[in-house]
Every structure is written in structure tokens, then in C-alpha cells.
There are 2 protein chains.
Amino acid sequence: MTAPPGRRERKKAATRQKIADTALRLFLERGYDAVGIRDVAAEADVAVTTLFSHFASKEALVFEQDDEFERRLTRAVTDRAAHEPLVPALRHEVEALVRHCTGDDAGPTWHLIDETPALRAYEESMRLRHAESLAAAMTADARLTPTPTACRTIARFVIDAYSLARDADDPDAALDETFRMIEAAWEAARSSPRAAAAGPRPATPRGRPARG
Amino acid sequence: MTAPPGRRERKKAATRQKIADTALRLFLERGYDAVGIRDVAAEADVAVTTLFSHFASKEALVFEQDDEFERRLTRAVTDRAAHEPLVPALRHEVEALVRHCTGDDAGPTWHLIDETPALRAYEESMRLRHAESLAAAMTADARLTPTPTACRTIARFVIDAYSLARDADDPDAALDETFRMIEAAWEAARSSPRAAAAGPRPATPRGRPARG
DNA sequence: TCCGAAATGCTAACTGTTAGTGTTACGGTC
DNA sequence: GACCGTAACACTAACAGTTAGCATTTCGGA
């Protein structure tokens with residue numbers, strides 16, 4: 001299915017990479033707001049239109065490989081061992097993600113995001129997407145009984161735990177605290193009369209589908 | 001402290017109101033994206049700069065009196081009876097807010113927001129602000145013992161409950177479910193060893209202050 | 001070899017937003 | 001009532017992100 005990439009696709013990937021690298025370098029050198037799209041395009045030696053054919057927006061230049069976040073949390077749900085409980089698996093993954101952000105080896109990217117309001121807002125706007133994706137994975141997991149609404153709630157909760165821990169003075173303590181609350185909420189959802197009475201849920205989610 | 005407003009302030013308020021009304025009318029007539037700032041300014045017979053001196057952004061034209069949301073939730077915390085428990089008080093307020101949005105008398109404003117991705121994103125970006133405001137009120141409440149982190153978590157949870165209920169097919173059921181989870185999480189935070197051992201918290205919040 | 005499609009480029013515009021700079025109308029003071 | 005400071009407003013011009021339209025190159029496959 002994945003044939004060896006031809007010259008064309010290699011060139012395209014190279015262009016994209018060059019744009020992303022240039023953008024990150026300039027942003028770190030001069031600050032996000034002080035660097036314009038036209039600066040990035042010029043420095044990367046591409047046209048502005050080419051830049052926008054690779055990245056949907058200026059913010060996307062920073063969050064290029066952000067799908068990884070979504071993938072890792074989703075996999076924490078789907079790839080966990082047969083009877084491994086959900087919440088600890090999620091916590092384990094969130095811990096790793098937080099360490100990846102707050103660690104020194106994370107590179108200065110996180111610092112850039114942390115200090116740029118526009119990027120924080122953008123990331124914030126992706127939280128719903130991530131939460132919805134995680135909720136979908138949970139809802140699709142036949143081992144879980146709570147309703148789609150409960151899955152959505154817990155999913156947002158987990159994303160919140162991530163961002164709260166990142167911002168906390170003591171990430172470990174914050175994670176500890178929030179995940180204790182998540183565990184309790186999850187237990188409440190599992191033992192809810194609604195979930196218990198309904199038995200195994202239908203495969204199709206009930207709620208209004210997410211927009212945007 | 002509040003002297004009878006002079007002509008000046010009345011004129012200012014009138015201008016602001018005229019802009020907001022015109023904007024809402026045009027947005028509803030032609031759709032949010034199809035109406036430009038310059039259209040609104042022209043139709044309201046003001047300069048673009050005047051418009052921006054009253055409203056910080058195009059989105060703000062729709063969310064003009066949004067502080068009410070923040071105020072109502074905060075008051076649900078501070079103005080509740082001496083020993084009234086927190087979560088039911090919050091739930092009561094959220095229920096009222098959801099009814100206000102999903103009811104027919106809410107006017108078409110909510111519909112507009114609901115169907116415009118840009119407005120949804122903007123509202124999403126205000127959720128952190130609202131949550132932080134609510135969390136601050138909770139943290140400042142001497143009757144509560146959980147830590148600032150726990151307050152932040154619950155606050156975000158409450159805001160999520162609001163938005164989940166609004167989007168749900170059955171808002172009442174969704175509220176029921178999410179608030180059962182909130183109650184459980186809150187109980188877990190209250191009985192946490194950290195909170196219990198620490199006793200009454202210091203008045204100053206510990207976490208890194210919110211940015212943006 | 002040749003055709004079609006994809007990648008890229010150039011131009012020009014549109015849209016939200018702001019800085020700079022005047023002008024007018026109001027409120028308080030003498 | 002005259003006067004002055006200031007807040008509200010307008011006008012111009014620009015900046016920055018984004019996109020449409022169209023030309024051009026470059027590759028992949030027939």
C-alpha cells in the first residue's frame with residue numbers, strides 16, 4: 001500500500017520540512033509575533049501560496065506534528081491489555097506527555113507556545129478536537145459501559161488534566177490530584193443507574209455529532 | 001458612585017447598542033462569514049475605528065454581554081446560603097443557563113453561534129477564562145477546603161457540563177450524568193489526603209497564574 | 001514520447017485590525 | 001456665560017493573514 005516514495009513526494013516532504021524548520025527557527029530567534037508569514041516564506045525560499053498549501057495557518061507551522069498527541073491518547077485506550085483498567089492507562093500516557101513537554105529535552109518549542117498568547121489560544125481551540133477523538137475511542141471500546149456523554153466528559157477531563165499539570169508548579173502533584181478526581185468521576189459513571197440499566201451500549205453514539 | 005449618566009455616556013451607550021444591533025441583524029440576515037466589519041460599520045453609520053473602540057474583535061460583536069455568564073456562575077459560589085453545598089448550587093445555575101440557551105425565547109443568537117465555527121472557536125477560547133474565574137471564586141471561598149488545582153479542575157468540569165448539555169439531544173439527562181460525575185470528583189478532592197492533611201488552605205493561590 | 005496532474009510561483013485582492021492624526025461635543029471650572 | 005481638558009468619533013493609510021486566479025514547472029505513468 002505504501003510504495004517507495006518517488007522523487008515528487010520526497011520533494012514535497014522536503015519543502016514542507018524546510019518551511020517548518022525555517023518557521024520554528026525564526027519564531028525562536030525573533031518571537032512568534034515579530035515574524036510574518038512573508039518572512040518565513042522568503043527565508044524558506046518558497047512562495048506564500050506554497051506555504052499555505054502545506055500549512056493551513058500560521059499557527060499550524062508550530063503544531064505541525066500535533067496529530068501525535070491525538071494518536072497517543074487514542075492508542076492508550078485501544079492498545080491497552082485485555083483487562084487493563086482504563087484510567088491508569090490514560091494516566092500513564094498523560095504523564096509521559098507532560099514529561100515530554102516540561103522536560104529540558106523537549107526543545108524550546110513548548111516554551112514558545114507557552115509564552116505566545118496566540119499559540120495558547122490555538123492549542124486551546126484544539127482541545128475539543130482532541131477530547132472528541134479520545135471520547136470516540138472510548139465510546140467505541142466494547143469493554144467500557146458508560147454512555148457517550150460520560151465518555152465525552154471524562155475525555156475532556158483528561159485533556160484538562162494534561163494542561164493543568166503542564167501549567168502547575170508541581171506537575172506530579174497536580175496529576176496525582178486530578179487523576180484521583182478522574183478516577184472517582186469515572187467510577188460514578190460506571191456505577192450510574194443509567195449505565196447499569198442500559199447494559200451494553202449500542203455501537204452508534206447517540207449525541208449530536210461534533211461540529212467544526 | 002453611579003451618578004445619573006450624562007449626555008456623553010448616553011450617546012456612547014447608544015452608539016455601542018446601535019453597532020451591536022446592526023451587527024446581529026446583518027449576521028442573522030446574511031450569515032456571520034458573509035458580513036464584513038466594514039459592512040457593519042457602514043450600516044451602523046460609524047467608522048471602523050469607532051466600532052473597534054467599542055468591541056475588541058468581530059466575534060465580540062456577538063458575545064457583547066457575555067460577562068453575565070461569568071458573573072452568574074461566580075455568584076452561585078459566593079452568594080449561596082451559609083452551609084449550602086457547592087455542587088448543587090452550581091448545578092442549579094448551570095441548569096438555568098442551559099435552559100436560557102436551548103429555549104425558544106433565547107432568540108436566534110445561540111443558533112448563530114451554534115452554526116458558525118469561528119464563533120464556536122471563540123466561545124471555546126473563553127471557556128478557560130470562565131473556568132479560571134469560577135475557580136478563583138471557589139479558591140477564595142473560606143468554606144471550601146480543596147486545593148487550587150482541585151478547584152480549577154472542578155471549574156473546568158462545570159463549564160464542560162454546560163457545553164455538553166447544550167449540545168446534547170437531551171440536556172436534562174446530560175446534566176444529570178455529568179453532575180453525578182462532578183459530585184463524585186468533588187467528593188474525591190475533598191477527602192483527598194492532601195486536602196485533609198493540609199487543613200485550611202493559605203489564602204494565596206499556589207499555581208502559576210493564568211495567562212492570556 | 002507525450003499527456004495529465006500535482007507542486008509551485010506570481011499577482012492581486014479581501015478581511016480583520018491598528019496607528020496616527022485630526023475634529024467635534026461634552027463636562028466641569030472659573 | 002466663557003474656557004479648557006478630554007473622551008468619542010472620523011478619516012486615511014497601512015499591516016498581517018489568507019485566498020482566488022492563472023501561469024509555469026516537474027514529475028509519474030501510459
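We name chains A, B, ... by the order of the sequence lines, and we start the count at 1 in each one.
Side-chain nitrogen and oxygen atoms of His54(A) include at least one within less than 4.0 Å of the OP1 or OP2 phosphate oxygen of dT8(C). For dA10(D), one of the phosphate oxygens OP1 or OP2 lies less than 4.0 angstrom from a side-chain nitrogen or oxygen of Thr50(B). Applying the 4.0 Å criterion to OP1 and OP2 of dC26(C), one finds that Lys11(B) has a side-chain N or O inside that range. Close to dC9(D), at under 4.0 Å from its OP1 or OP2, lies a side-chain N or O of Thr15(B).
Residue Val40(B) is classed as having no contact, given no heavy-atom separation below 4.0 Å to the nucleic acid. The residue Asp45(A) sits close only to the backbone: its heavy atoms come under 4.0 Å of sugar-phosphate atoms, none of a base. If you check every strand for non-hydrogen atoms under 4.0 Å, Val46(B) touches sugar and phosphate atoms only.
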Produce the list of close N/O pairs, under 3.5 Å, pairing protein atoms with atoms of nucleotides 28-30 of chain C; give distances to one decimal.
none

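Across its full length, the helix from dT1(C)-dA30(D) to dC30(C)-dG1(D) shows an angle of 10° between the axes of its 5 terminal pairs at either end, rounded to 10 degrees.
Remark: the Thr49(A) side chain and the dC10(C) base include a donor-acceptor N/O pair separated by less than 3.5 Å.
Contact record, Arg143(A) with Ala81(A): NH1-O, 3.1 Å, taken as the closest heavy-atom pair.
The residue among Arg38(A) and Ala47(A) whose nearest nucleotide of DNA chain C lies closer to the 5′ end is Ala47(A).
At least one donor-acceptor pair under 3.5 Å links the side chain of Arg80(B) to the backbone N or O of Val77(B).
In this structure, the nucleotide among dT26(D), dT18(D), dG27(C) sitting nearest to the side chain of Ser57(A) is dT18(D).
At least one test fails for Lys58(B) against the ring of Tyr122(B): distance under 6.0 Å to the centre or angle within 45° of the axis.
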